**Q** 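Just passing along the structure, written as C-alpha cells.
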Amino acid sequence: MNLGAFFRFIWRKMVRDPLPPEDVAAGWALGMFVGCSVPFGLQLIVSVPFAMMMRISKVGATVGTFITNPLTIWIIYPAQTMAMGWLLGRDFSWDYILQAMRGVAENSDWKTLLSLSGDVVVCFILGGLALASVLTPITYFTVRTLVRKYRSGRSGNGNRLP
C-alpha cells in the first residue's frame, strides 16, 4: 500500500465511523494527546482502553498516536525536550538529546531511561504535555469539522451515510 492509499484508508475510517462527530473527534484528540505525552511503545496500552471506557472512537485513539512513530520520534522528542529545556533555562544540545535517545533505544530498558539526567526526563515529559496541550484541541476541532462537513455533504445529496 502506498502512502496516498494509506491516507485515503485513514480518511474513510475517520469520516465513516458510526459514532457522532464529537465522539469521533474525541477519539482522535485522545490519540493525539497520548501520542504526544506518553512515551513511544506505551501509547496503545493507554489510548485504546481509555477510548473504550469513554466510548469514543477507538480507531481515532489508535491512529492519533501515530504522530510519534519510529520515524518522527527522532525529531519530535528532541525538539520538545530542547524547547522545554530552553523555557526552563537548561542548555541541552541536540547531540546530547539524540545520544540519550539512542542509548534508550539500543538498550530498550527503563534503567537506561532512568539513568538520564533528571532535567532531561522532566523536560521530555513537560515538553510532551506542552505539545499535547497545543495539538489536542486543534485535532479535536479539525476532525469534528471534517466529519460534519463530510456527513452533511453525503446526507444533503440523497445518499445514505456510509
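The residues of the chain are indexed from 1 along the displayed sequence. Not measured: the values here are computed from a predicted model.
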**Q** M14, Y140: one ILVMFWY side-chain cluster at the under-4.5 Å cut-off?
**A**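 As far as the 4.5 Å side-chain criterion goes, Y140 and M14 are not connected within one cluster.
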**Q** Honestly curious: do V15 and V24 fall in one hydrophobic cluster under the side-chain, below-4.5 Å linking rule?
**A** yes
**Q** M52: which other cluster members, linking ILVMFWY side chains closer than 4.5 Å, directly or transitively?
**A** L44, V48
**Q** Taking all heavy atoms of P70 and all of I73, pick out the closest pair and write down the distance.
**A**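 Shortest heavy-atom separation between P70 and I73 comes out as O-CG1, 4.1 Å.
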**Q** Do W74 and Y96 belong together in a cluster built from hydrophobic side chains that touch within less than 4.5 Å?
**A**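 In one cluster: yes.
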**Q** Among the clusters formed by ILVMFWY side chains lying less than 4.5 Å apart, do L71 and F66 turn up in the same one?
**A**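 No, because L71 and F66 fall into different hydrophobic clusters, even though each may have its own neighbours under 4.5 Å.
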**Q** Could you tell me whether W94 atom CH2 has more than 12 heavy atoms of other residues or ligands within 6.0 Å of it?
**A**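 Yes.
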**Q** Report the C-alpha distance between I67 and T72 in whole Å, list the side-chain angles of each, state the deciding distance to 0.1 Å, and finish with yes or no for side chain to side chain contact (heavy atoms under 4.5 Å, CB included).
**A** CA-CA 7 Å; I67 186 167; T72 63; 5.7 Å; no
**Q** Does V147 belong to the same Ile/Leu/Val/Met/Phe/Trp/Tyr cluster as F141, with side-chain heavy atoms less than 4.5 Å apart forming each link?
**A**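 No, it is not one cluster - the side chains of V147 and F141 are not joined through contacts under 4.5 Å.
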**Q** Only counting residues at least two apart or in another chain, list the ones meeting side chain to side chain donor-acceptor pair (under 3.5 Å) with R12.
**A** none
**Q** Would you check, one step at a time, whether the test side chain to side chain contact (heavy atoms under 4.5 Å, CB included) holds for K149 with R144?
**A** CA-CA 9 Å; K149 272 190 177 185; R144 187 184 70 177; over 6 Å; no
**Q** Roughly how far, to the nearest 0.5 Å, is CD1 of I125 from CD of Q80?
**A** 10.0 Å
**Q** If you take all heavy atoms of T65 and S47, which pair is closest and at what distance?
**A** CG2-OG, 3.6 Å
**Q** Table please: side-chain donor-acceptor pairs of residues 28-43 below 3.5 Å, with sequence neighbours left out.
**A**
from, atom 1, to, atom 2, distance (Å)
S37, OG, F33, O, 2.7
Q43, OE1, T68, OG1, 3.4
Q43, NE2, G35, O, 3.1
Q43, NE2, V38, O, 3.0
Q43, NE2, T68, OG1, 2.7

**Q** Indicate yes or no for a side-chain donor-acceptor contact from S57 to the backbone of D23 under 3.5 Å, with no hydrogens or angles considered.
**A** no
**Q** With sequence neighbours left out, what residues match Y77 under ring-ring contact (aromatic ring centres under 6.0 Å, His included)?
**A**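 With sequence neighbours excluded, Y77 shows a ring-ring contact (aromatic ring centres under 6.0 Å, His included) to F124, given in chain and number order.
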**Q** Identify, with sequence neighbours excluded, every residue that meets side chain to side chain donor-acceptor pair (under 3.5 Å) alongside R90.
**A** D119
**Q** Tell me, do R16 and R151 make a side-chain contact under 4.5 Å, heavy atoms counted?
**A** no
**Q** If I compare all heavy atoms of M84 with all of A130, which pair ends up nearest, and what's the gap?
**A**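 So the two residues come closest at CE-CB, 3.8 Å.
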**Q** Name all residues meeting the side-chain contact (heavy atoms from CB on, under 4.5 Å) criterion together with S133; count only those two or more places apart in sequence or in a different chain, and write none if there are none.
**A** none
